[in-house]
Amino acid sequence: MGYGSRSEMAQLAKAGRITLDGTALSSASGRIKVTPDLPTRMKIDGQPIDPVAGLVMLLHKPLGMTCSHKEAGPLVYDILPPRWRQRTPAISTIGRLDKQTSGLLLLTDDGALLHRVISPRQHVKKVYRARLARPLDGTEAALFASGQLMLEGEAKPLAPAGLEVISETEARLTVTEGRYHQVRRMFAATGNHVEDLHRESLGGLSLPDSLSPGQWVLLTEAQIALIFQ
Ligand code: URA
């Protein structure tokens with residue numbers, strides 16, 4: 001969980017700095033069942049331990065941050081508490097948003113969940129709000145809904161997507177896939193250009209108004225289940 005090496009943890013235990021149900025552990029070699037409530041029972045230096053494996057975070061991704069573990073420049077992982085960046089399994093984003101896309105981004109250390117969410121077979125709906133450089137011309141909704149739109153360099157047409165017109169230059173787009181730069185390329189295929197892109201929701205989860213860019217919350221089991229509703 002990023003707290004330290006085995007020997008460092010043994011030192012902490014020996015020094016009585018790790019407690020379970022209020023009692024200091026005398027050694028770090030005993031076996032303790034890892035249950036979701038462990039952070040309410042185990043403390044290090046009086047602080048509840050971090051969430052155990054299987055966590056899902058909902059982040060309001062700010063503009064200008066990249067969804068990558070290794071690229072140069074600001075990364076979404078810079079937002080995680082430093083210790084959380086040392087965890088194994090690592091916390092990764094569930095799919096990606098472009099550097100210049102803001103909005104709802106999930107992160108998890110649960111590889112199986114990650115693959116389920118991004119699998120096109122699950123048809124998880126992603127809703128984006130796009131501001132466009134030019135007025136919509138009225139042909140977009142039918143084209144996006146057709147299931148025939150072929151993006152440049154791809155072998156398979158896009159699955160049908162839903163368009164809701166908000167204004168002449170603003171639209172809400174619902175897609176069930178997560179192809180590279182998908183929304184930008186869809187509008188580019190109509191001769192338009194996406195100026196601003198923001199993800200409002202994913203499955204049954206919406207970005208709460210109370211969450212400012214850069215802020216995140218841990219999801220409960222019930223909220224995680226909403227992804228697939
Ligand atoms: N489509 C895009 O073009 N960019 C994103 O970040 C997400 C969807």
Side-chain angles (χ1 to χ4, degrees), residues 56-79 91-108 114-134 136-137 139-141 143-166 169-208 211-216 227-228:
V56 181
M57 307 165 68
L58 186 158
L59 167 71
H60 185 164
K61 180 193 173 291
L63 294 173
M65 289 194 144
T66 308
C67 295
S68 161
H69 279 288
K70 45 180 184 265
E71 274 172 50
L75 308 177
V76 288
Y77 299 106
D78 298 342
I79 291 172
I91 297 175
S92 299
T93 64
I94 301 184
R96 289 178 173 209
L97 291 178
D98 299 336
K99 187 173 182 182
Q100 291 310 337
T101 301
S102 59
L104 190 160
L105 181 68
L106 298 180
L107 296 97
T108 188
L114 187 155
H115 288 292
R116 250 178 93 210
V117 179
I118 64 175
S119 163
R121 279 195 300 273
Q122 292 287 340
H123 303 288
V124 173
K125 285 185 181 165
K126 273 91 48 177
V127 180
Y128 295 90
R129 191 177 174 126
R131 193 175 63 80
L132 304 160
R134 285 177 277 284
L136 292 154
D137 66 14
T139 62
E140 298 87 351
L143 177 66
F144 293 167
S146 69
Q148 312 274 313
L149 177 57
M150 193 73 113
L151 293 179
E152 232 178 270
E154 302 234 351
K156 229 179 113 193
L158 290 176
L163 184 88
E164 181 197 334
V165 176
I166 299 171
T169 53
E170 262 191 297
R172 189 170 280 122
L173 186 62
T174 304
V175 302
T176 57
E177 298 167 290
R179 301 205 205 177
Y180 183 65
H181 292 332
Q182 181 169 338
V183 175
R184 294 178 201 274
R185 289 163 75 208
M186 287 172 75
F187 281 105
T190 71
N192 214 325
H193 177 77
V194 171
E195 298 274 14
D196 297 329
L197 192 59
H198 178 80
R199 182 152 73 189
E200 295 182 330
S201 67
L202 184 145
L205 291 174
S206 297
L207 189 65
L211 213 57
S212 307
Q215 290 188 321
W216 54 271
I227 299 172
F228 302 102

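Only heavy atoms go into these numbers, but all of them, side chains included; no hydrogens, no water, no symmetry mates. None of the values given here were measured: they were computed from a predicted structure. Just follow the structure's listing: the first ligand is 1, and inside any ligand the first atom is 1. Sequence positions, counted from 1, serve as the residue numbers for this chain.
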Aromatic plane relationship, Y77 with H69 - under 30° parallel, 30 to 60° tilted, over 60° perpendicular:
parallel
Is T101 touching ligand 1 with its side chain, its backbone, both, or neither, if touching means heavy atoms under 4.0 Å apart?
side chain
Using a 4.0 Å heavy-atom cut-off, say whether V175 meets ligand 1 through its side chain, its backbone, both or neither.
neither
Does any part of the side chain of V127, heavy atoms only, come nearer than 4.5 Å to the side chain of R172, both counted from C-beta?
yes
Ignoring angles and geometry beyond distance, decide whether V183 reaches within less than 3.5 Å of ligand 1 through its nitrogen or oxygen atoms.
yes
Can you check whether Y128 has an N/O within less than 3.5 Å of an N/O in ligand 1?
no
Proximal ligand 1 atoms for L197, defined as those under 4.0 Å from one of its heavy atoms
1 (N), 2 (C), 3 (O), 4 (N), 5 (C)
Answer yes or no: does an N/O atom from D98 fall short of 3.5 Å to an N/O atom of ligand 1?
yes
Should M186 and V175 count as side-chain neighbours, where that means a heavy-atom distance under 4.5 Å?
yes
Taking C-beta and beyond as the side chain, do E200 and L207 meet within less than 4.5 Å on heavy atoms?
no
When you compare ligand 1 with H181, is there at least one nitrogen or oxygen pair between them that comes in under 3.5 angstrom?
yes
Could you tell me if D137 and T139 have a donor-acceptor pair between their side chains, going purely by distance under 3.5 Å?
yes
Salt bridge check, R185 against E154: does any charged N sit closer than 4.0 Å to a carboxylate O?
yes
